[in-house]
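Structure, as structure tokens:
As the structure is a computational prediction, the values presented were derived from the model and not from experiment. Just so you know, these numbers use all the heavy atoms, side chains as well, and skip hydrogens, waters and symmetry mates.
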Amino acid sequence: MRSDRFEFTGADGQRLSGRLDLPETPAHAFALFAHCFTCTKNSLAAVRIARALTARGFGVLRFDFTGLGDSEGDFADSTFSGSVRDLLAAARAMADAGKAPTLLIGHSLGGAAALAAAADLPAVTAVATIGAPFDVQHVIRLFGDGVQALVDHGEAEVQLGGRPFKLRRTFIDDLQAHDQRQRIAQLRRALLVLHSPRDDTVDIENASSIFLAAKHPKSFVSLDDADHLITRPADAEYAAEVIASWASRYFERSVPLRNAGQRGQVVVEETGEGDFQVEVLAGAARFLADEPVEVGGLGSGPTPYDLLSAGLGACTAMTLRLYARRKGWPLARVRVCVGHARKSDMSPPDAFMREIAIDGALSAEQRTKLIEIAARCPVHLSLERGARIETREVGSLQSMPDVEMADQHALDMQDDVSAAS
């Protein structure tokens with residue numbers, strides 16, 4: 001997992017601090033995580049759930065709300081409306097960076113903020129809440145005796161989670177202006193409610209109220225004996241696993257991911273990182289290709305000519321293995337090294353240099369025959385004969401059709417080895 005700093009301007013002009021967690025390969029979707037009240041982006045739940053989601057191909061932004069963690073601002077001036085505006089600002093910053101979130105995840109009061117913000121984020125298709133209160137005024141009950149001091153003096157220090165926080169009466173006044181029931185009823189997003197029946201901070205009845213107020217599609221998952229802050233790693237892993245599996249059906253993946261399983265077809269798409277980086281999907285394999293740093297790339301993967309050389313080398317090794325198996329020869333192992341060079345004063349200008357190392361109790365005649373057979377590998381023959389390339393435009397990525405092709409290379413290798421036998 002890679003974790004990058006992600007700073008952006010909040011709704012009221014303050015600088016907000018975040019971490020953008022990214023998987024090793026290009027993310028197939030992005031999520032925005034809203035932490036619990038008085039927590040930070042580095043809370044156990046935020047970090048563990050983000051880490052688990054990146055392992056499943058998601059990019060996740062977790063950030064500190066105004067006045068918390070590394071973000072600017074005074075927490076005493078914060079309100080629930082302000083948290084919702086911060087969440088919207090984070091989503092806009094992600095969209096500006098080409099990583100618009102399609103999934104909102106909110107923990108505790110962050111879950112209520114996610115439910116409130118979703119209506120203003122058309123790219124979001126799914127919302128997941130963890131231990132979220134149904135009525136945001138539920139938070140007032142957590143203040144205990146501090147509520148009266150807030151009302152009487154307009155400002156007071158309250159105890160939350162055993163820690164002192166200064167708040168102003170505007171916080172309470174703002175909470176009373178929110179109608180979460182109506183928002184949830186008009187959500188028009190897929191909703192997943194996760195809650196522990198043993199949550200002694202936000203009781204399970206809140207989950208029931210959220211679920212009943214929402215329209216379908218909606219799902220509820222019990223977190224069994226998890227605590228409110230999801231401090232146990234196993235609980236965070238479970239929550240992330242459920243969220244990732246549930247959300248995947250609501251995301252329209254890009255065409256390469258739809259086509260990745262088509263035999264005989266390799267799909268290549270730009271990742272948006274650097275000038276040349278692309279993602280290659282060949283059957284179940286998924287990897288990056290790029291150009292070297294010295295020519296403007298990121299150096300994050302093999303070059304196109306590296307891949308062409310790899311194709312020749314792989315085909316050579318496979319062809320020798322198939323021939324030796326049919327002959328019953330004791331071929332132990334094959335290693336093929338392929339290099340590419342281009343000389344404009346030669347015809348053809350491109351040349352591939354192939355070196356083959358063979359291990360096994362083979363006779364001199366058998367070794368000579370295997371080297372001859374290398375020239376029968378289908379990729380060798382394609383390069384030697386030349387190939388016809390047919391190109392057509394298929395429109396946008398969304399309209400690109402799924403194409404099913406036979407694995408012609410495997411058929412050709414079988415035929416060529418059979419002929420050589």
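- The neighbour count for Arg198 CZ, taken as heavy atoms of other residues, nucleotides or ligands under 6.0 Å away, does not exceed 12.
- Of the inter-residue distances, the one linking Arg354 atom CZ with Thr316 atom OG1 reads 4.0 Å to the nearest 0.5 angstrom.
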Please step through side chain to side chain contact (heavy atoms under 4.5 Å, CB included) for the pair Phe6 and Met94, ending with a clear verdict. CA-CA 9 Å; Phe6 192 94; Met94 292 180 72; 4.2 Å; yes

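- Between Leu307 and Phe287, some side-chain heavy-atom pair lies under the 4.5 Å cut-off.
- Summarising the local packing, CE of Met346 is surrounded by 12 or fewer heavy atoms from other residues, nucleotides or ligands at distances under 6.0 Å.
- If you run side-chain contact (heavy atoms from CB on, under 4.5 Å) between Arg62 and each of Leu32, Thr40, Val47, only Val47 comes through.
- Scanning both residues, Ile105 and Ala31, for their nearest heavy atoms gives CD1-CB, 4.2 Å.
- Counting heavy atoms from C-beta on, the side chains of Lys369 and Glu365 never come closer than 4.5 Å.
- The neighbour count for Glu270 CD, taken as heavy atoms of other residues, nucleotides or ligands under 6.0 Å away, does not exceed 12.
- Side-chain N/O atoms of Tyr323 and Arg376 include no donor and acceptor closer than 3.5 Å.
- Two residues are said to be in side-chain contact when any heavy atoms from C-beta on lie closer than 4.5 Å; Leu320 and Trp329 fail this criterion.
- Here the straight-line distance linking atom CZ of Phe8 with atom CG of Leu16 works out to 4.5 Å at 0.5 Å rounding.
- Residues His340 and Asp350 form a side-chain contact, since some pair of their non-hydrogen atoms from C-beta on lies under 4.5 Å apart.
- Environment of CD in Glu355: sparse, with no more than 12 heavy atoms of neighbouring residues, nucleotides or ligands closer than 6.0 Å.
- Judged as a salt bridge (charged side-chain N to carboxylate O under 4.0 Å, His left out), not a single pair has a partner in residues 116-129 (not counting sequence neighbours).
- A donor-acceptor pair is defined here as one N or O able to donate and one able to accept, closer than 3.5 Å; no such pair exists between the side chain of Thr54 and the backbone of Gly59.
- With respect to the salt-bridge test (charged N to carboxylate O, under 4.0 angstrom), the residues Asp70 and Lys41 qualify.
- Judged purely by atom type and a 3.5 angstrom limit, Ser71 uses its side chain to pair as donor or acceptor with the backbone of Ser17.
- Arg189 and Thr125 share no donor-acceptor pair across their side chains, judged by distance under 3.5 Å alone.
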Apply side chain to side chain contact (heavy atoms under 4.5 Å, CB included) to residues Ile371 and Ile356 and explain how you reach the verdict.
CA-CA 8 Å; Ile371 297 302; Ile356 304 174; 4.1 Å; yes

May I have the step-by-step check of side chain to side chain contact (heavy atoms under 4.5 Å, CB included) for Asp86 and Gln14, ending in yes or no? CA-CA 10 Å; Asp86 283 350; Gln14 69 278 31; 3.5 Å; yes

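- Using cut-offs of 30° and 60° on the angle between ring planes, the pair His35 and Phe65 is perpendicular.
- In this structure, the side chain of Asp290 engages the main chain of Leu298 through a donor-acceptor pair within 3.5 Å.
- Between Arg19 and Asp21, no side-chain nitrogen of the basic residue sits less than 4.0 Å from a carboxylate oxygen of the acidic one, so the salt-bridge criterion is not met.
- The distance from the CG atom of Asp64 to the CG atom of Asn42 is 6.5 Å, given to the nearest 0.5 Å.
- Atom-to-atom distance recorded for Leu104:CG and Leu192:CG is 12.5 Å, nearest 0.5 angstrom.
- Screening residues 182-220 for ring pair (Phe, Tyr, Trp, His ring centres under 6.0 Å), with sequence neighbours left out, gives no hits.
- Inter-residue side-chain proximity for Val193 and Ser208 is flagged as unmet; no heavy-atom pair is nearer than 4.5 Å.
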Would you sort out whether Phe134 and Leu212 count as a side chain to side chain contact (heavy atoms under 4.5 Å, CB included), showing the intermediate values? CA-CA 11 Å; Phe134 170 66; Leu212 292 173; over 6 Å; no

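- With no hydrogens or angles considered, a side-chain donor-acceptor pair links Ser108 and His228 at under 3.5 Å.
- Between Arg5 and Glu7 there is a salt bridge, since at least one side-chain N of the basic residue sits less than 4.0 Å from a carboxylate O of the acidic one.
- Distance check, rounded to the nearest 0.5 Å: CZ of Arg183 to CG of Leu115 gives 9.5 Å.
- Residues Thr303 and Pro292 have side chains in contact (heavy-atom distance under 4.5 Å, counting atoms from C-beta outward).
- For Arg181, the CZ atom counts as loosely surrounded, since its 6.0 Å shell holds 12 or fewer non-hydrogen atoms of other residues, nucleotides or ligands.
- Here the side chains of Ile230 and Leu223 are in contact, with some heavy-atom distance below 4.5 Å.
- Within the model, atoms CD1 of Ile49 and CZ of Phe33 stand 4.5 Å from one another, a figure rounded to the nearest 0.5 Å.
- By the 4.5 Å heavy-atom criterion applied to side chains, Ile243 and Leu194 are counted as neighbours.
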